[in-house]
Visitor: 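Have a look at the structure that comes next, please.
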Amino acid sequence: SLPFIGHAASLQCLARGSAPLRGLLAGALRAVEASLLRPAAEMQGQPARGTAALARLCRAQETELRGSALGFLTAGLWAAEALVLLQRVAPAFSSHGPRPPLGGPEPWPATSDIVVSFDPHEDRFFGRGLPDLVAHAFGEGRLPGISVRPGLQCADVLVVRDSLPSPPFPGALVYVDHEAGIGPGRDAGRLDVLLARHRVVYLGVTEPLAETRCISRYGSAVAQARRTCAKVFSSVSPWPPSGMKLTGRMDVEPSPTLTVVHVPFASSSFMGRRASTPADLATGPRPFLDKSRFLGYTAYTCVDHRERLFDLLVNAGAASGAGPADALSRCAGFRSGHRRTRNHTRGSGNEYLDEAVDLLRPYRFALVFENKLVPGYVTEKIVSAFLAGCIPIYWGSRIVLGMFNPDAFVYANDLQVGGQASDDFAGSDPLLGLELVAEEVLRIATDDAKLRRMATAPVLSELQLQRFFSWHRGVADAIKVPTTESEDIPTRLSKALEEAVAPRRRMGLCSDGSGRICAEAY
């Protein structure tokens with residue numbers, strides 16, 4: 001019975017056209033939840049009682065699975081879904097407090113709204129903070145014509161990070177990209193694979209299909225083996241790939257689409273921050289903070305270009321009297337003689353986001369180079385530096401100049417090419433010109449007037465706050481400029497969702513009694 005249990009939750013999407021079948025599946029889930037999963041989580045499993053309850057339910061139903069529907073319920077799909085189910089329910093049922101039923105809330109909402117849902121348990125896995133983002137961006141009637149129902153597998157739209165829907169799912173996905181991006185090694189898989197299966201509204205970088213390459217590494221062979229090269233843009237994957245056949249779900253004609261709404265991790269990281277909101281990013285002049293230490297460096301992945309610049313700034317700071325430069329996490333440059341304050345909470349939920357701000361507070365500057373240069377890729381690092389009252393030293397996508405006030409941070413990419421405008425698509429070597437970056441930082445650090453101007457400049461304008469952070473409800477209260485439709489993230493999301501779910505379809509057993517699975521518009 002376990003394989004059937006595993007797939008039953010997803011099969012409820014198919015059962016909307018057959019009330020007896022839906023009743024059978026929903027009853028099976030309730031029986032297993034009450035008799036097997038919850039007792040097993042408390043080490044009080046009673047499998048015999050649960051199996052007997054399932055048998056009684058099956059015998060009591062007159063629903064007959066026939067034709068292609070029965071063929072669809074293969075042992076392979078059952079087993080795969082059972083594995084996913086068991087991985088996800090174990091932490092959920094071992095915790096105290098109410099939990100949504102496995103099959104989602106009942107009944108299906110009688111509404112013409114676009115129904116948005118998400119996995120309530122995703123916050124326990126890789127999608128930390130996802131429920132908060134959904135609540136801010138879609139909840140409490142914020143968008144007309146859109147309603148939110150947690151844990152509904154058959155919604156029009158699922159907001160996901162790693163908890164992807166199992167087949168069949170005829171709706172659209174809102175994919176919220178985090179720091180790592182979508183690529184090999186992620187549970188979610190590659191974006192081009194997702195696009196072959198689903199219509200996707202993508203919240204992340206501006207070029208989600210970008211490919212990168214590694215140019216060079218710095219230091220000895222031993223140092224190179226310990227460190228990662230900084231990756232730069234190389235090309236954009238063609239979509240659809242040449243010769244690729246797009247396959248849909250059962251009788252549904254495939255219509256894969258990708259709509260990009262630029263919400264980089266610098267913005268979406270606030271769904272995981274507990275000590276701050278986007279409204280804490282100053283839109284007006286800031287007070288000057290007299291700080292005792294020169295430079296803080298918080299990096300968990302030791303990428304060669306920022307390791308090299310950290311060494312240069314350590315030496316330059318000591319020689320000029322600018323003050324000490326400290327490594328605050330796992331990475332400490334190519335030399336090991338720098339003071340290190342170990343970041344112990346990295347990887348423990350979202351605590352590292354708030355901890356990074358606390359670690360950087362004593363410093364005038366923060367080294368916040370990105371791991372890679374992809375158009376539109378801006379992560380939480382520069383935001384943490386601003387929240388800590390530091391001057392960020394930033395390397396990454398040129399789009400950062402439109403997200404934040406260029407007078408409030410050091411943009412390394414332009415300095416590396418002699419003050420000229422850099423290009424996200426050029427693929428320049430990240431290790432070249434780092435000496436020029438170090439020289440500019442020292443000029444600012446040793447010139448009191450320059451230091452004060454940069455340290456007190458507004459972090460961003462109200463228009464930038466609205467354009468890149470307005471998914472958060474706190475932003476609406478913080479800005480005074482009139483909301484413009486083109487700059488407001490919720491408005492852009494609403495339009496993208498309307499396009500992604502049109503025509504809206506549900507799946508169920510065909511009305512001709514053949515037992516096949518059909519898609520119906522509504």
Visitor: Do the side chains of Val148 and Val159 get nearer than 4.5 Å, heavy atoms only?
Guide: no
Visitor: Heavy atoms only: give me the nearest Val176-Arg161 pair and the separation to one decimal.
Guide: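 Heavy atoms of Val176 and Arg161 come nearest at O-CD, 3.4 Å.
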Visitor: Take Ser494 and Ile146, measure what side chain to side chain contact (heavy atoms under 4.5 Å, CB included) needs, and give me the verdict at the end.
Guide: CA-CA 8 Å; Ser494 179; Ile146 294 178; 4.1 Å; yes
Visitor: Determine whether Met271 and His472 satisfy the following criterion, side chain to side chain contact (heavy atoms under 4.5 Å, CB included), listing intermediate values before the conclusion.
Guide: CA-CA 8 Å; Met271 70 186 186; His472 196 286; over 6 Å; no
Visitor: Which heavy-atom pair separates Val314 from Ala325 by the least distance, and what is that distance?
Guide: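 Smallest heavy-atom distance, with atoms named: CG2-CB, 3.8 Å.
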Visitor: I'd like to know if the side chain of Glu499 pairs up with that of Thr259 as donor and acceptor (distance under 3.5 Å, no hydrogens or angles considered).
Guide: no
Visitor: Do Phe409 and Phe386 come close enough that some side-chain heavy atom pair is under 4.5 Å?
Guide: yes
Visitor: Side chain to side chain contact (heavy atoms under 4.5 Å, CB included), that's the test. Do Asp119 and Val160 meet it? Break it down for me.
Guide: CA-CA 8 Å; Asp119 181 352; Val160 300; over 6 Å; no
Visitor: May I ask you to decide if Gly474's main-chain N or O and Thr277's side chain share a donor-acceptor pair within less than 3.5 Å?
Guide: no
Visitor: Indicate, with yes or no, if the rings of Phe365 and Phe294 have centres closer together than 6.0 Å.
Guide: yes
Visitor: Does any donor atom in the side chain of Asp177 or Tyr202 lie under 3.5 Å from an acceptor atom in the other side chain?
Guide: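 Distance-only check passes for Asp177 and Tyr202.
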Visitor: Specify the closest pair of heavy atoms between Pro278 and Phe469, including all atoms of both residues, with the distance to one decimal.
Guide: CB-CB, 3.8 Å
Visitor: Distance from Cys331 atom SG to Asp304 atom CG, nearest 0.5 Å?
Guide: 11.0 Å
Visitor: Evaluate the side-chain proximity of Phe334 to Asp311: yes if any heavy-atom separation is below 4.5 Å, no if none is.
Guide: yes
Visitor: Quick one: pull up CG in Leu465 and CE in Met403 and give me the separation to the nearest 0.5 Å.
Guide: 10.5 Å
Visitor: Between Gln416 and Tyr411, do the side chains contain an N or O donor and an N or O acceptor separated by less than 3.5 Å?
Guide: no
Visitor: Under 3.5 Å, side chain of Ser470 to main-chain N/O of Arg467, donor-acceptor pair present?
Guide: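 Not a single qualifying donor-acceptor pair exists.
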Visitor: Set out, in order, the CA-CA distance, both residues' side-chain angles and the distance that settles side chain to side chain contact (heavy atoms under 4.5 Å, CB included) for Asn413 and Leu373, then state yes or no.
Guide: CA-CA 10 Å; Asn413 300 62; Leu373 199 164; 3.3 Å; yes
Visitor: For a 4.5 angstrom cut-off between non-hydrogen side-chain atoms, does Thr301 reach Arg306?
Guide: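 Thr301 reaches Arg306 side chain to side chain.
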Visitor: For Tyr377 and Glu207, which I'm curious about, is there any donor-acceptor pair between the side chains at under 3.5 Å?
Guide: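 No, no side-chain donor-acceptor contact under 3.5 Å.
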Visitor: Can you tell me how far CG of Leu313 sits from CG of Leu295, rounded to the nearest 0.5 angstrom?
Guide: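 One gets 5.5 Å once the value is rounded to the nearest 0.5 Å.
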Visitor: I'd like to know if Asp132 pairs up with Arg274 as an ion pair, taking the criterion as any Lys NZ or Arg NE/NH1/NH2 lying under 4.0 Å from an Asp or Glu carboxylate oxygen.
Guide: yes
Visitor: Tell me whether Arg364 contacts the main-chain N or O of Lys291 through its side chain, where contact means a donor paired with an acceptor under 3.5 Å.
Guide: yes
Visitor: Determine the sole option in Leu415, Val437, Val368, Ile382 for which the side chain to side chain contact (heavy atoms under 4.5 Å, CB included) test with Ile393 is passed.
Guide: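 Output: one option passes, namely Val437.
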Visitor: Taking side chain as C-beta onward, heavy atoms only, is Arg453 less than 4.5 Å from Ile444?
Guide: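 SC-SC contact between Arg453 and Ile444 ruled out.
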Visitor: Would a 4.5 Å heavy-atom cut-off, applied to side chains only, mark Val157 and Leu173 as touching?
Guide: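 In short, these two side chains do not touch, never coming nearer than 4.5 Å.
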Visitor: Do Leu203 and Tyr175 come within less than 4.5 Å of each other through their side chains, counting heavy atoms only?
Guide: no
Visitor: Assess the residue pair Asp326 and Arg293 against the criterion (salt bridge (Lys or Arg N to Asp or Glu O under 4.0 Å)); give the C-alpha distance rounded to whole Å, side-chain angles, the decisive distance to 0.1 Å, and a yes or no.
Guide: CA-CA 9 Å; Asp326 301 327; Arg293 306 193 74 81; 2.6 Å; yes
Visitor: Donor-acceptor check, side chain of Arg213 to backbone of Ser234, threshold 3.5 angstrom: yes or no?
Guide: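 It does not hold such a pair.
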Visitor: Might you point out which heavy atoms bring Pro458 and Asn405 nearest each other, and give the distance in Å?
Guide: O-ND2, 2.9 Å
Visitor: Start with the C-alpha distance between Arg308 and Glu435, add both sets of side-chain angles, then the distance that settles salt bridge (Lys or Arg N to Asp or Glu O under 4.0 Å), and finish with yes or no.
Guide: CA-CA 10 Å; Arg308 169 62 175 157; Glu435 294 80 4; 3.6 Å; yes
Visitor: How long is the span from the NZ atom in Lys372 to the OG1 atom in Thr212, to the nearest 0.5 Å?
Guide: 6.0 Å
Visitor: Where the side chain of Ser117 meets the backbone of Arg149, is there a donor-acceptor pair that is under 3.5 Å apart?
Guide: yes
Visitor: Working to the nearest 0.5 Å, report the span between CG of Leu353 and CG of Asp358.
Guide: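 Output value for this atom pair is 11.5 Å.
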Visitor: Which heavy atom of Val357 sits nearest to which heavy atom of Arg273, and what is that distance?
Guide: CG2-NH1, 3.8 Å
Visitor: Answer yes if the side chains of Ser422 and Asp414 hold a donor-acceptor pair under 3.5 Å, and no otherwise.
Guide: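 Yes, Asp414 and Ser422 have a side-chain donor paired with an acceptor closer than 3.5 Å.
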Visitor: For the rings on Tyr394 and Phe369, is their centre-to-centre separation under 6.0 Å?
Guide: no
Visitor: Say you draw a straight line from NZ of Lys450 to CD1 of Ile391; how long is it, rounded to the nearest 0.5 Å?
Guide: 12.0 Å
Visitor: So, Glu370 side chain and Ser397 main chain: donor-acceptor pair closer than 3.5 Å or not?
Guide: no
Visitor: Backbone N or O of Ser329 within a donor-acceptor pair of the Thr298 side chain at under 3.5 Å?
Guide: no
Visitor: Any side-chain heavy-atom pair from Leu281 and Phe270 closer than 4.5 angstrom?
Guide: yes
Visitor: Check for a donor-acceptor pair, side chain of Arg286 on one end and backbone N or O of Ala457 on the other, with a separation under 3.5 Å.
Guide: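 Yes, the answer is positive, given that a donor and an acceptor are paired below the 3.5 Å cut-off.
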Visitor: Looking at Arg473, is its backbone amide N or carbonyl O close enough to the side chain of His136 to form a donor-acceptor pair, meaning the two atoms are under 3.5 Å apart?
Guide: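 Flag set: sc His136 to bb Arg473 pair under 3.5 Å.
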Visitor: Looking only at heavy atoms, what is the nearest atom pair of Ala438 and Leu312, with distance?
Guide: CB-CB, 4.1 Å
Visitor: As a quick check of understanding, evaluate salt bridge (Lys or Arg N to Asp or Glu O under 4.0 Å) for Glu498 and Lys495, giving each step before the final call.
Guide: CA-CA 5 Å; Glu498 289 177 0; Lys495 289 183 176 180; over 6 Å; no
Visitor: Does Thr446 reach the main-chain N or O of Leu442 with its side chain, forming a donor-acceptor pair under 3.5 Å?
Guide: yes
